[in-house]
Student: 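Got a structure for you, written out below as structure tokens; questions coming shortly.
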Protein chains: 2
Amino acid sequence: MKINQILPLVDINNTFNDIRVQNMLAELQERITQMEHPKGSKLFHLNPTIKGNGVKTIKETLMASLKEDGWLLEHRLDLSVTQRQPGPIDAVLPLNDSSNKYIALEWETGNISSSHRAVNKLVSGLLAEKLICGILILPSSNMYRYLTDRVGNFDELRPYFQVWSSANYALNEGCIIIIEVEHDVLSLESPLLAKGTDGRALR
Amino acid sequence: MKINQILPLVDINNTFNDIRVQNMLAELQERITQMEHPKGSKLFHLNPTIKGNGVKTIKETLMASLKEDGWLLEHRLDLSVTQRQPGPIDAVLPLNDSSNKYIALEWETGNISSSHRAVNKLVSGLLAEKLICGILILPSSNMYRYLTDRVGNFDELRPYFQVWSSANYALNEGCIIIIEVEHDVLSLESPLLAKGTDGRALR
DNA sequence: TATGGATCCATA
DNA sequence: TATGGATCCATA
């Protein structure tokens, strides 16, 4: 998989340049770059059928490799806000220091509207001082054309970036990073990514 | 329809108490209270079938009455942010003064995740200084039980309220208000609200 | 019940 | 193509 850009959307007191964040990013970039489809093909090939590919399986291999790197999957931070809580986060990396804090990552594969919730959940983690950094990975609009209709994508979230970037949270540290990814190669010979029976799919 | 609560989520320099906002709220409360189902029954009756009622038609009568009060429906604010823009807003009320600003209202009937986008869109309007006030109307969790699965509801958005309330936007005025509404009466004799064929509905 | 998701629809 | 929506699924 190809990384188009890494955007620091929120960056409080230069947390983006914190060595813990930069080390994690170096590792994460390598892991994303290693993603392949089909398995064993070295590159991520995508069948260029408009709205033809399901999204469910895309992130699976990345999550598996992050788990090997020490990330915890589907982890729920205790934000102790109210009785009801934001739900679990795709992956969190515990910092191996005395801070008891984490770096969190969401790979958005739901509807674009759920990308808004994903960023808000990461911000909740900053506000609860459980996270020093939250990352959201989104496909480019180039890639999006070939995925399930209306899934989250970088360009469609962009008009809303200012909602978060112009917030002045009263915090000493924290950053939110958006990463735009894309297939390496379009290939008619590549198998379509499977779709589920979720949503309005006619089984 | 019954109003359970009116919550000022964001309130910059006391905009919530601005006479223009308070006048609008008085009128809006009356209009919401007047909503009825079935038509002519004076109260909003809801058939208590779990996940049985569609949401599409719920807001229609309110929008019709707001139109009579001078609101513009499905209006798109020109936020001139980027090429891509947040989409249209359910209803906006132009202020009849020289400010060229509006009050905006969204009645959330989409998925809960799209409630996050709705608030973000209202915040975008504040940041662009096109709005002095944005309102989001959401059903209570009591009402939600009888509506399409996963539609927006007050209690499920609540854990995220702090994301907006602690944002400290650098603005001179602006408020975001969340209104929680509920049926007046549960009634087995009341017809179910129709569902569409959207999403994953099997036609 | 609670929460994130996945999918296709409607309309401009 | 672009954008908000509406619906049902999966899992804990």
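Keep in mind that what you see is a predicted model, and the values were worked out from it rather than measured. Proteins get letters first, then strands, A, B, ... in listed order; numbering begins at 1 in each.
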Student: Quick one: does any side-chain atom of A:N47 pair with a main-chain N or O of A:P191 as donor and acceptor, under 3.5 Å?
Tutor: no

Student: Whole-Å distance between C:dA2 P and B:L157 CG?
Tutor: 15 Å

Student: Atom CD of B:E106 to atom P of D:dA6: distance rounded to whole Å?
Tutor: 11 Å

Student: Going through the distances and angles, do A:S99 and A:D97 end up as a side chain to side chain donor-acceptor pair (under 3.5 Å)?
Tutor: CA-CA 6 Å; A:S99 69; A:D97 54 27; 2.6 Å; yes

Student: Within this structure, what is the CG-to-P distance between A:D90 and C:dG4, rounded to whole angstrom?
Tutor: 11 Å

Student: Nearest to the B:D149 side chain among D:dC9, D:dG5, C:dG5, which nucleotide is it?
Tutor: D:dC9

Student: Distance check: side-chain N/O of A:T148 vs OP1/OP2 of C:dT7, anything under 4.0 Å?
Tutor: yes

Student: Does atom CG of B:N100 have more than 12 heavy-atom neighbours from other groups under 6.0 Å away?
Tutor: no

Student: Closest to the B:K195 side chain: C:dT3, C:dT7, D:dC8?
Tutor: D:dC8

Student: B:M63 has an atom CE; how far is it from atom C1' of D:dG4, in whole Å?
Tutor: 13 Å

Student: Distance check: side-chain N/O of B:K121 vs OP1/OP2 of D:dG4, anything under 4.0 Å?
Tutor: yes

Student: Under 4.0 Å between a side-chain N/O of A:K56 and OP1 or OP2 of C:dT7, yes or no?
Tutor: no

Student: C:dC8 C1' sits how many Å from A:I50 CD1, rounded?
Tutor: 16 Å

Student: Please test A:N13 against A:E173 for side chain to side chain donor-acceptor pair (under 3.5 Å), starting from the C-alpha separation and ending with a verdict.
Tutor: CA-CA 6 Å; A:N13 289 328; A:E173 64 175 356; over 6 Å; no

Student: Over how many whole Å does the gap from A:L193 atom CG to C:dA6 atom C1' extend?
Tutor: 14 Å

Student: Send over the distance from A:L138 CG to C:dA6 C1', rounded to a whole Å.
Tutor: 16 Å

Student: Counting side-chain heavy atoms from C-beta on, which of C:dT1, C:dG5, D:dG4 comes nearest to A:E156?
Tutor: D:dG4

Student: Quick one: is D:dT3 close enough that its OP1 or OP2 comes under 4.0 Å of any side-chain N or O from A:Y160?
Tutor: no

Student: So, for B:F44 and B:H183, is the gap between ring centers shorter than 6.0 Å?
Tutor: no

Student: Closest to the B:N111 side chain: C:dG4, C:dC8, D:dA6?
Tutor: D:dA6

Student: Contact class for A:N153 (heavy atom, under 4.0 Å): base, sugar-phosphate, or nothing?
Tutor: nothing

Student: Among D:dG5, C:dT7, D:dG4, which nucleotide sits nearest the side chain of A:V55?
Tutor: C:dT7

Student: Can you tell me if the side-chain N/O atoms of B:R150 get under 4.0 Å from OP1 or OP2 in D:dC9?
Tutor: no

Student: Indicate whether OP1 or OP2 belonging to C:dG4 is found under 4.0 Å from a side-chain N or O atom of A:S114.
Tutor: no

Student: Tell me the interatomic distance from A:R76, atom CZ, to C:dG4, atom C1', rounded to whole angstroms.
Tutor: 10 Å

